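We use all heavy atoms of the structure for the numbers below, so side chains are in, but hydrogens, waters and symmetry mates are not. Given the structure is predicted, the values throughout are model-derived calculations rather than measurements. Order of appearance sets the numbers: ligands from 1, and atoms from 1 within every ligand.
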Amino acid sequence: MVIKMKLNELKDALREAGIVGAGGAGFPTYAKLSDQAETVVINCAECEPLIKVDRQIMKKYVREILSGAQLLVEAMGAKEGILAIKKSYTGTIRAVEANLPDFPMLRVHILKDVYPTGDEVILIYETTGKIVPQGKLPITVGCVVVNTETVLNLYRKIFGQTNLITKFVTVAGLVNHPVTAEVPIGVSIAHLLDLAGGTTTDDYEIIMGGPMTGHLCTEWDVVTKTTKAILVLPSTSLPVTKRKHVIKHDIRNAMSVCSQCSMCTELCPRHLLGSSIQPHEFMRALANGLTDTTEIYLNSFFCVSCGLCELYSCHQGLSPRRLLDSYKGSLRAAGVTAPDRPMKPVSHVRDDRRVPERRLLYRLDLHLFDLPAPVREFTDADEVKLMLRQSIGAPCEPCVAKGDAVSAGQLIGRPPADALGVNLHASISGTVTEVTDQAITIRR
Ligand code: SF4
Ligand code: SF4
């Protein structure tokens with residue numbers, strides 16, 4: 001079936017369906033779309049180790065995703081759509097290439113297996129050769145990047161009238177049966193661990209998201225529209241211990257042992273692309289209390305928190321990323337915004353300094369957890385807790401009350417009129433058992 005839509009109709013449908021970026025910070029997808037787009041990049045880079053969602057759903061739902069991508073390209077009036085897939089995802093590449101003749105506006109771009117290829121700015125450079133100016137959005141250079149799972153959600157809305165109520169989540173690490181589960185949004189992490197056959201040990205910590213950029217969570221937390229992975233890791237593993245550091249100790253360590261070797265800067269993927277971010281300079285300024293220039297501190301806005309500097313580059317075990325994040329947060333809270341700084345030329349050694357994903361896995365000591373995690377559908381759940389804030393923008397306001405009967409897909413929350421945000425829908429049928437200013441709970 002071929003469907004053509006005007007851009008405004010498509011935006012309205014995506015907002016109504018509650019669709020946000022499924023693979024990152026959760027930017028409302030409708031707000032990304034633009035009639036200025038020349039190129040649409042479909043992100044199937046699956047940036048972080050151990051996450052196995054996009055490569056599998058691109059293969060399983062290949063015609064749906066290609067149809068959604070084609071629709072996106074046509075609705076925005078773009079010239080082409082690029083399906084950006086890592087070289088090692090051979091089965092996915094074969095499935096896409098076999099179907100491409102039916103989608104003349106789409107082509108495949110094979111990416112190297114390096115980290116962090118899924119970063120929007122890096123992905124745009126790799127696929128189009130264009131450089132997004134630091135602090136600016138991809139549309140500045142005529143590009144829109146959309147995650148693979150987001151395109152599937154778009155397809156399901158436009159071709160099947162289905163609102164966003166499920167999420168694909170890879171559950172890996174210390175579990176009996178690693179799995180990529182399609183579950184109702186709002187199920188607990190404990191439920192997900194059960195679906196993966198339970199944990200193999202009692203001594204573990206849970207990271208929601210990838211090992212590089214995810215955050216620690218508990219069994220009582222719930223799946224949101226942006227949850228891509230649940231990793232059950234040894235409590236002594238590097239991604240866990242790093243996240244348990246106390247910031248004041250990180251500063252003290254930086255003052256004591258930063259050798260100013262500058263490896264953190266030499267391997268920083270944004271620095272190699274020409275950004276002003278130089279983590280070693282920031283560490284020097286912070287450790288020595290330098291206040292004669294604000295430039296070094298303001299450059300913290302250009303760090304994308306990929307985590308390479310602290311989980312891979314630094315031989316002293318220091319935490320430039322955490323300190324940059326903390327500093328950036330304080331600047332934002334004080335109302336400071338990113339400065340306007342020109343990019344430098346792309347480093348001539350960039351190609352040699354990209355970090356192979358396999359090597360990163362070994363450095364993190366997570367290679368034993370890199371196992372198949374097949375896609376399975378589990379749309380049954382006894383209870384879900386749907387957070388009112390699940391994306392960038394305004395949180396939803398509930399439009400149901402305790403005791404109401406709801407059916408799966410029914411509208412239960414909407415953002416304030418004219419605010420950046422998307423609708424929220426019941427992910428199972430049942431009765432609303434609680435409504436707070438944070439979440440709506442439904443029991444089957
Ligand atoms: S890599 Fe570590 S020791 Fe070297 S400059 Fe950066 S923070 Fe300091
Ligand atoms: S986290 Fe570190 S390596 Fe990554 S962008 Fe920021 S400074 Fe660069």
Side-chain angles (χ1 to χ4, degrees), residues 24-25 45 47-49 114-126 131-136 207 209-215 238-239 241-243 245 247-290 295-332 338-339 341 343-344 346-347 349-350 352-357 359-360 363-364:
C47 199
E48 297 205 41
V114 293
Y115 179 81
T117 313
D119 170 19
E120 278 195 342
V121 170
I122 291 170
L123 195 63
I124 288 169
Y125 179 67
E126 295 290 347
I131 300 275
V132 181
Q134 51 190 345
K136 300 283 187 277
I207 290 182
M212 301 299 284
T213 66
H215 60 271
L238 185 61
T241 54
K242 271 287 176 195
R243 285 163 173 84
H245 281 192
I247 283 283
K248 69 178 181 190
H249 293 164
D250 284 334
I251 297 174
R252 199 181 302 156
N253 290 342
M255 293 166 86
S256 310
V257 296
C258 176
S259 64
Q260 283 296 291
C261 67
S262 80
M263 279 303 284
C264 48
T265 296
E266 299 295 331
L267 296 179
C268 170
R270 283 295 182 102
H271 176 76
L272 289 168
L273 211 53
S275 162
S276 319
I277 179 69
Q278 299 205 56
H280 80 289
E281 277 196 343
F282 174 82
M283 295 296 271
R284 181 170 64 218
L286 194 70
N288 294 297
L290 301 183
E295 190 177 338
I296 293 171
Y297 298 105
L298 289 173
N299 282 341
S300 63
F301 278 109
F302 304 131
C303 162
V304 284
S305 307
C306 74
L308 263 190
C309 50
E310 67 183 33
L311 288 164
Y312 185 85
S313 313
C314 182
H315 65 110
Q316 297 283 39
L318 299 177
S319 305
R321 184 258 303 262
R322 274 168 59 88
L323 293 168
L324 282 158
D325 276 355
S326 169
Y327 206 88
K328 199 171 16 177
S330 308
L331 289 175
R332 284 204 178 114
R341 299 240 161 90
M343 299 282 281
K344 298 188 189 93
V346 176
S347 167
V349 291
R350 177 177 181 270
D352 302 328
R353 294 207 176 151
R354 285 183 292 171
V355 174
E357 193 175 311
R359 196 183 301 161
L360 177 62
R363 179 70 61 90
L364 296 173

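With respect to atom 2 (Fe) of ligand 2, the closest heavy atom belonging to the protein is Cys309 SG, 2.4 Å. From the protein, the heavy atom lying nearest to atom 5 (S) of ligand 2 is Val304 N, 3.5 Å. At the top of the distance list for atom 6 (Fe) of ligand 2, counting protein heavy atoms only, stands Cys303 SG, 2.4 Å. The protein heavy-atom contact nearest to atom 8 (Fe) of ligand 2 is Cys268 SG, 2.4 Å. Shortest contact from atom 4 (Fe) of ligand 2 to any protein heavy atom: Cys306 SG, 2.4 Å.
Here the closest heavy-atom approach between residue Cys306 and residue Met212 is recorded as O-CB, 3.5 Å.
Taking Asp250 as the reference, His245, Ile247, Ser319, Arg322, Leu323 meet the side-chain contact (heavy atoms from CB on, under 4.5 Å) condition, with sequence neighbours excluded.
A donor-acceptor pair under 3.5 Å is absent between the side-chain atoms of Gln134 and the main chain of Phe302, judged by distance alone.
For ligand 2, the atoms lying closer than 4.0 Å to a non-hydrogen atom of Arg321 are 1 (S).
Protein N/O/S atoms nearer than 2.8 Å to atom 8 (Fe) of ligand 1 total 1.
Under 4.0 Å from ligand 2, the heavy atoms of Pro269 that appear belong solely to its side chain. Of the heavy atoms in Leu324, only side-chain atoms (C-beta onward) come closer than 4.0 Å to ligand 2.
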